[in-house]
Amino acid sequence: MAKFDTNVQELKYEVLREVARLAKDDRLTEGLLTIAEKIIPGPQPTMRCCIYKERAIVQERVQMALGGHPEHTTEVEVLPIACDECPVSQVTVSDACRGCIAHRCANACPKGAISFPNHHAFIDHSKCIACGKCVAACPYSAITKNVRPCERACKPGAIKMDANKKAHINEEKCVSCGACVYQCPFGAIVDKSYITKVIRLLKDAKKEGAGPLYAVVAPSISGQFEGVTTGQVVSGMKAMGFTTVIEAALGADMVAYMEAKELVEKGFLTSSCCPAFVTYIKKNYPTMVEHISHNLSPMAMIAKMIKKAHPDSHVVFVGPCVAKKGEVKQDRVKDLVDVAITFEELQAMIDAYDIDLKSMEDDVLNNASYFGRIFARSGGLKDAVVEALKEQGVAPEDFQLKAISCSGLEECKLALLKASKGLLPENFIEGMACEQGCIGGPGCLTHGVKEKAEVDKYGRLALEKRIDDSLVILDVLGND
């Protein structure tokens, strides 16, 4: 089984695996109600107050594994029954308070919420607005601001507590980046899963006269599955029933080439590869929308090529991204990509199909250049555009690329704010909603710090060293 960082991931995996098994065996209808008891056999609880609550939470997770609740437009949802253990976010005074006479904390408070009974700072939470100014003012670091992990993770500020102290997602602000999913210690926020749709596609692909079923795999797959090669994962996916496994990195090569041309033509551009970044612009910086690259993402770009070559084909995207699940529903993508799943979901499916990756032959996944593969990490798109400009013969005196690579939405926010006010010196914003880029995505199996060097090492394994070397395949498939 895969290595996971937390018990929350383990529970998520177990639910997905059981749902996948039932769907594979055509036993969903009669088997759904048995999943909770199978995963939580009892008699003693292991995570919550009682096994009945544990099972109730599992049943809610089963619903998310079946696509969640359609009335919610975001790709993440809160499970209220699981959200009840975190302390309420507030500013508190610790025993480190020395009762100093400077009273910097009180002087900094805009609401007069701090007083000093018994020469010790006291915060009246009916007045406190949790602005944090007293935290910064205290010379002893005796005042702390406790913020729930989901709120801290949500850079667009879409998560707040409701009247019942449960996490609530403001769907008008949410960009479905999925950061809150991994950061919630109680697993109370979950991304929707569409694995049952993938399993239906796998079944349909085996029928006589069916079109090919493509798996488009993100370049961040490198190193995801411990103890096996990427080629063995490819073999495992084909054993499940995928006709062909192809790299999204080839689409990245296409995007880099086209985005370089668009940038020279327009003079200023923001990238369009990360759907959460694009959504963030649309929701928070509407004046910057006109500057978003008109190119499709690498996922959609390669899918468009596949559909042109094989109109009867179906496409499943596999990667680390929750926001991709929403991207496939967009008008200009929905006819290109059928469904998107994460690496977590792929692991669950592999085990549901009883596939031992270590016993698989080492197949080939080699459809892209070095530059397409390094899209997986922050700065990769910028490096690819630099290469594309060089290959297109754009002289520095004709156009000079000044790019800023933003790792995470906080860096994106700062760059967009400057650009919206005409204060950004750069002419290209590479925006990645996840820190480190796609290798830091919420759908990864592990979430430790990924080495940029490892991504580049995987990129160097590509046979094609130039972007235009990989794009030769477009002629082979009869594309423009």
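Heads up: numbering here begins at 1 and tracks the sequence.
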Evaluate the side-chain proximity of [Y] to [X]: yes if any heavy-atom separation is below 4.5 Å, no if none is.
X: Leu16; Y: Ile195; answer: yes
X: Asp191; Y: Glu75; answer: no
X: Asn284; Y: Leu416; answer: no
X: Val190; Y: Val181; answer: no
X: Val58; Y: Glu37; answer: no
X: Leu336; Y: Val328; answer: no
X: Cys177; Y: Phe277; answer: no
X: Asn170; Y: Ile159; answer: no

Self-check item: side chain to side chain contact (heavy atoms under 4.5 Å, CB included) evaluation trace for Asp312 with Lys307
Solution: CA-CA 7 Å; Asp312 61 341; Lys307 290 286 189 178; over 6 Å; no
Self-check item: Set of ring-ring contact (aromatic ring centres under 6.0 Å, His included) partners for Tyr182, sequence neighbours left out
Solution: His447
Quiz item: What residues, two or more places apart in sequence or in another chain, satisfy ring-ring contact (aromatic ring centres under 6.0 Å, His included) together with Tyr52?
Solution: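 Here no residue qualifies.
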Quiz item: How far apart are the closest heavy atoms of Ile404 and Ala415, and which atoms are they?
Solution: CD1-CB, 4.2 Å
Exercise. Over all heavy atoms of both residues, which pair between Leu213 and Gly241 is shortest? Give the atoms and the distance, please.
Key: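 Answer, listing the atom of Leu213 first, then Gly241: CD2-O, 4.4 Å.
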Quiz item: Just by modelled atom types, is the His294 backbone N or O under 3.5 Å from a matching donor or acceptor in the Ser272 side chain?
Solution: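 Not confirmed, Ser272 side chain does not pair with His294 backbone.
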Quiz item: Donor-acceptor pair, Lys166 side chain versus Cys83 backbone, under 3.5 Å?
Solution: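 Yes, because the side chain of Lys166 sits within donor-acceptor range (under 3.5 Å) of the backbone of Cys83.
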Counterpart residues, side-chain contact (heavy atoms from CB on, under 4.5 Å), relative to [X] (two or more places apart):
X: Ala323; answer: Pro275, Ala276, Cys321
X: Met47; answer: Leu11, Ile40, Glu54
X: Ser222; answer: Tyr458

Quiz prompt | Straight-line distance of Met305 CE to Tyr214 OH, nearest 0.5 Å | solution =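 One gets 7.5 Å once the value is rounded to the nearest 0.5 Å.
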Quiz item: At what distance, to the nearest 0.5 angstrom, does CD of Glu411 lie from OG of Ser378?
Solution: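 Atom-to-atom, Glu411:CD and Ser378:OG are 7.0 Å apart.
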Salt bridge [X]-[Y], side-chain N to carboxylate O under 4.0 Å:
X: Lys283; Y: Glu172; value: no
X: Asp162; Y: Lys165; value: no
X: Asp26; Y: Lys203; value: yes
X: Glu14; Y: Arg17; value: no

Using only heavy-atom distances, determine whether the side chains of [X] and [Y] contain a donor-acceptor pair under 3.5 Å.
X: Gln436; Y: Ser407; result: no
X: Ser293; Y: Glu259; result: yes
X: His69; Y: Gln63; result: no
X: Glu345; Y: Thr342; result: yes
X: Asp253; Y: Ser369; result: yes

Quiz item: After noting the C-alpha distance and the side-chain angles of Ile35 and Leu22, does the key distance pass the side chain to side chain contact (heavy atoms under 4.5 Å, CB included) rule?
Solution: CA-CA 10 Å; Ile35 293 178; Leu22 291 173; 3.7 Å; yes
Self-check item: Ring-face cation contact, Tyr353 with Lys24, 6.0 Å cut, 45° max
Solution: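 Yes, Lys24 and Tyr353 form such a contact.
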Self-check item: salt bridge (charged side-chain N to carboxylate O under 4.0 Å, His left out) partners of Glu410, counting only residues at least two apart
Solution: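 Glu410 satisfies salt bridge (charged side-chain N to carboxylate O under 4.0 Å, His left out) with Lys155 once adjacent residues are dropped.
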Quiz item: Under 30°, 30 to 60°, or over 60°: which ring-plane class applies to His291 and Phe268, parallel, tilted or perpendicular?
Solution: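 Perpendicular, since the angle between the ring planes exceeds 60°.
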